[in-house]
Amino acid sequence: QVQLVESGGGFVQAGGSLRLSCAASRIGFGTPFSASIVGWYRQAPGKQRELVATMTSGGTTNYADFVKGRFSISRDNAKKTVYLRMNTLNPEDTAVYYCNFRGPTGYWGQGTQVTVSS
């Protein structure tokens with residue numbers, strides 16, 4: 001089955017930046033990576049998981065209002081990897097960030113912790 005391996009999370013001061021990566025493998029004969037929607041979601045303590053950003057196979061992006069202008073999603077189909085560049089981080093961005101492949105009913109990464117301190 002599909003495997004998503006995330007990296008790039010960590011600790012950062014408010015105003016700093018991080019770049020998350022998610023490498024997909026074991027796709028098999030399902031919908032190809034290049035033809036699939038990808039995205040990032042996050043879950044803060046005591047809160048529901050929420051959408052951060054998505055990108056369609058055609059490159060169309062969708063961002064949550066609270067990250068628009070600060071975060072940028074991108075993908076490298078040759079490497080089967082999706083990225084999330086996060087700039088101007090604030091403590092409210094502290095959460096576990098999850099990579100998503102083929103939509104909410106598809107596949108999820110294990111999550112990577114992002115902690116932003118004041």
Side-chain angles (χ1 to χ4, degrees):
Q1 60 186 34
V2 174
Q3 182 181 51
L4 303 174
V5 179
E6 299 162 323
S7 61
F11 299 88
V12 65
Q13 294 288 323
S17 300
L18 287 173
R19 187 199 192 200
L20 307 183
S21 298
C22 174
S25 62
R26 308 182 197 272
I27 293 175
F29 299 104
T31 304
F33 181 90
S34 61
S36 301
I37 190 169
V38 297
W40 291 92
Y41 295 70
R42 72 185 188 187
Q43 186 168 21
K47 297 183 179 180
Q48 298 291 107
R49 186 175 298 188
E50 61 186 353
L51 182 147
V52 175
T54 62
M55 177 176 281
T56 69
S57 60
T60 300
T61 57
N62 181 45
Y63 294 96
D65 288 341
F66 54 82
V67 302
K68 196 169 186 178
R70 298 190 297 126
F71 293 7
S72 179
I73 188 172
S74 61
R75 64 194 296 168
D76 186 332
N77 290 333
K79 296 181 179 179
K80 296 183 177 61
T81 302
V82 58
Y83 305 94
L84 184 69
R85 169 64 71 180
M86 304 183 293
N87 296 322
T88 319
L89 287 161
N90 58 62
E92 289 69 40
D93 295 317
T94 295
V96 177
Y97 285 71
Y98 296 91
C99 178
N100 173 258
F101 179 58
R102 296 176 182 161
T105 61
Y107 298 89
W108 297 89
Q110 79 285 355
T112 184
Q113 177 71 47
V114 172
T115 302
V116 185
S117 63
S118 300

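Counting from 1, the numbers follow the sequence of the chain as shown. Just so you know, these numbers use all the heavy atoms, side chains as well, and skip hydrogens, waters and symmetry mates.
Transitive grouping of hydrophobic side chains (ILVMFWY, heavy atoms separated by less than 4.5 Å) brings Val114 and Phe66 into a common cluster. Residues Val12 and Val52 fall within the same hydrophobic cluster, defined by Ile, Leu, Val, Met, Phe, Trp and Tyr side chains chained together at heavy-atom separations under 4.5 Å. There is a path of hydrophobic side-chain contacts, each under 4.5 Å, that joins Met55 to Val82. Tracing side-chain contacts under 4.5 Å through hydrophobic residues (I, L, V, M, F, W, Y), one reaches Phe71 starting from Ile73; they form part of the same cluster. A single hydrophobic cluster is not seen to contain both Tyr41 and Ile37; linkage of ILVMFWY side chains at heavy-atom distances under 4.5 Å, directly or through other members, places them apart.
Rounding to the nearest 0.5 Å places CH2 of Trp40 at 8.0 Å from CE of Met86. Here the CG atom belonging to Leu4 is positioned 7.5 Å from the OG atom belonging to Ser25, to the nearest 0.5 angstrom. Between Leu20 atom CG and Cys99 atom SG the span is 9.5 Å, to the nearest 0.5 Å.
Glu6 has its side chain out of reach of Trp108: every pair of non-hydrogen atoms, C-beta onward, lies at least 4.5 Å apart. Gln113 is listed as a side-chain neighbour of Thr94, based on a closest heavy-atom distance under 4.5 Å. Counting heavy atoms from C-beta on, the side chains of Tyr83 and Cys22 never come closer than 4.5 Å.
A cation-pi arrangement is present between Arg49 and Tyr98, with the terminal nitrogen or guanidinium carbon under 6.0 Å from the aromatic centre and inside a 45° cone about the axis. In this structure, Arg70 forms no cation-pi arrangement with Tyr63, as its terminal cationic atom is not both closer than 6.0 Å to the ring centre and no more than 45° off the ring axis.
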